[in-house]
Number of protein chains: 2
Amino acid sequence: MIDLNSENFIKALSVDCVILGLEKGELEVLLYKRLSSPFKDQWALPGGFVRYNEGIDDASKRILKDFTGVENFYMEQLQAFGEVDRCIDSPYGRAVTIVYKALVQTKKFKIHLGPDSGETKWFNVTKIPDLIYDHNRLVEETLKSLKKKIKYEPIGFELLPAKFTLSQLQKLYEAIWNVKFDKPNFRRKILHMNILIKLDEKKNGVNHKNPTLYKFDKARYNLLIEKGILFEM
Amino acid sequence: MIDLNSENFIKALSVDCVILGLEKGELEVLLYKRLSSPFKDQWALPGGFVRYNEGIDDASKRILKDFTGVENFYMEQLQAFGEVDRCIDSPYGRAVTIVYKALVQTKKFKIHLGPDSGETKWFNVTKIPDLIYDHNRLVEETLKSLKKKIKYEPIGFELLPAKFTLSQLQKLYEAIWNVKFDKPNFRRKILHMNILIKLDEKKNGVNHKNPTLYKFDKARYNLLIEKGILFEM
DNA sequence: TCAAAAGTGTTGTCCGTACACCCATGA
DNA sequence: TCATGGGTGTACGGACAACACTTTTGA
């Protein structure tokens, strides 16, 4: 039988969370400044080692809660990263990390101070500072995955408030893909999918015609998927 | 500093490979029968623990090579699986595994006997025996992912010989999705994508009109992707 | 000459695109 | 009354589904 305690196998398995939110139509990621060594005073992704008594999904939820104080946001595993030289010069030696992507509604909470964090801040994804280890790359890969995934799954709604206007939705796609859509065509396309519920409510206080609010119809979406009708933007 | 050698953290990190191939138009998965305990004489996915001196992708390639004798096939990480009770009653205790999906051309090699394997066999994906741990589930998740991915990425070609007919390609999609396509429409659709090179060669020895052979034009595909033109079946 | 699969042609419908246009609201 | 975005209408073109049809091959 193999001896996993020998030096021939890996000891360090961590989880890192790329927590994404929207602020003024721009995509932002949550980072924290480390209070203690290693890498004291440097910015990093919220993360931690996987404990023996928690599943990897649980670990990611624990970390999200520690840093935001809230639970029940959209969270999904991206993938594991474990090149042979990853973190090789850290005090813990070579480490494999499992990256989770979280999509949150920033309005729903105030930032907490996580364990070991002196400061926790939202950064525009186009202006991310140098992070520890390969964390910059982990963010990049997560953004790449988001761009792909949002085309075929309605996960964009996770970033918006429960009630939103069609313009907000359009701006979300435009921000993530860095494109511009024709408004009439965007409206027709998304409405034609039959996955939005038009509310009897309008957003007011804006100096133009008050836009109608909509919400995502998850039940309807699931029904369509069952029937084999796919979402596609 | 955290003590990763304590009992509070995970020791066992493995890689499991779901190796898929085509046989007579049907999808098959490579399994082996274990020679030694634990789970002697039971069927399992090719896999093994990640060594300290190899990356996780390297580990998956090592395993593929051990079981097929060949390298350089399409291989891609699916994701990590690590519920808190996964393999909890194995001799190694709780284990996290990273699953890789390999798409291979079965004609290109003869099956080897991997380390610890008394028998190695292709199984039709609809007739998979009971496997150890959660390996049945790992296969299911891989197939689900393949079905999704094959719609938006031209990975199906990895399962076919380098030179193939349009009918072979059509049957591949029909097998994976369990659907039927209209032949003329399928031809036009795939040819219209401009990612196939028509060869000056025909497949003969068949008792009907000899079909033209094609090959996948990877350079062209990459060019189209750069331009933002997406593959979609 | 027949079965089987290769391969072409045609037609109607639906959907995306482009763009012109009117509507409500606060300043 | 004007700027701003909300929201509708229309016309063109391309892609896809359905299905009829011809061609080539081995048995």
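Proteins come first, then strands; the chains are lettered A, B, ... in the order of their sequence lines, and each starts at number 1. For clarity, every value in this text was computed on a predicted model and none was experimentally measured.
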Worksheet item: Is it true that B/Lys171 and B/Glu174 have a side-chain N and a carboxylate O under 4.0 angstrom from each other?
Response: no
Worksheet item: Does B/Arg137 come within less than 4.0 Å of B/Glu140, counting only side-chain N to carboxylate O?
Response: no
Fill in: Ion pair check, A/Glu232 and B/Lys151, cut-off under 4.0 Å
no
Response to the item:
Rounded to whole Å, CE of A/Met233 lies from C1' of C/dT17 at a distance of 14 Å
Discussion item. Tell me if the side-chain of A/Arg188 makes a donor-acceptor pair with the base of D/dG7, cut-off 3.5 Å, by modelled atom types.
Written reply: no
Worksheet item: Is the closest basic N to carboxylate O distance between A/Lys33 and A/Asp41 below 4.0 Å?
Response: no
Practice prompt. In whole angstrom, give the distance that lies between atom CZ of A/Phe186 and atom P of C/dG16.
Written response: 12 Å
Discussion item. Nearest heavy atom decides the nucleotide; on that basis, is A/Gly205 or B/Pro184 closer to the 5' end of DNA chain C?
Written reply: B/Pro184
Worksheet item: How close or far is atom P of D/dG5 from atom NZ of A/Lys180, stated in whole angstroms?
Response: 10 Å
Discussion item. By nearest heavy atom, map B/Val206 and B/Glu232 onto DNA chain D; which one lands nearer the 5' end?
Written reply: B/Glu232
Worksheet entry | Euclidean distance, atom NE2 of residue A/His192 to atom P of C/dT13 [Å, nearest integer] | 16 Å
Worksheet item: Is the side chain of A/Asp182 donor-acceptor paired with the backbone N or O of A/Asn185 at a distance under 3.5 Å, no angle test?
Response: yes
Practice prompt. Classify the angle between the aromatic ring planes of A/Phe109 and A/Trp122 as parallel (below 30°), tilted (30 to 60°) or perpendicular (above 60°).
Written response: tilted
Practice prompt. For A/Phe181 and C/dA18, give me the distance from atom CZ to atom C1', rounded to whole Å.
Written response: 15 Å
Worksheet entry | Backbone of B/Trp43 reached by a side-chain donor or acceptor of B/Asp130 within 3.5 Å | no
Please list each protein N or O that sits under 3.5 Å from an N or O in nucleotides 4-6 of chain C, with the distance.
from	atom 1	to	atom 2	distance (Å)
C/dA6	OP1	B/Ser167	OG	2.4
C/dA6	OP2	B/Ser167	OG	2.8
C/dA6	N7	B/Lys183	NZ	2.6

Worksheet entry | Length of the line joining A/Asn204:CG and C/dA27:P, which is rounded to integer Å | 12 Å
Item to complete: Would you kindly give the CG-to-P distance between B/Asp182 and C/dG9, to the nearest whole Å?
Response: 15 Å
Worksheet item: Between the axis at one end of the helix from C/dT1-D/dA27 to C/dA27-D/dT1 and the axis at the other (five pairs apiece), what's the angle to 10 degrees?
Response: 0°
Practice prompt. Find the distance A/Glu174:CD to D/dG5:C1' and express it as a whole number of Å.
Written response: 13 Å
Discussion item. So, applying side chain to side chain contact (heavy atoms under 4.5 Å, CB included) with B/Leu22, which one of B/Thr106, B/Ile176, B/Val104, B/Leu160 is it?
Written reply: B/Leu160
Fill in: Residues A/Lys101, A/Glu158: salt bridge by 4.0 Å N-O rule
no
Discussion item. As a test of reading the structure: which of D/dA18, D/dA20, C/dT17 is closest to the side chain of B/Asn185, going by heavy atoms?
Written reply: D/dA18
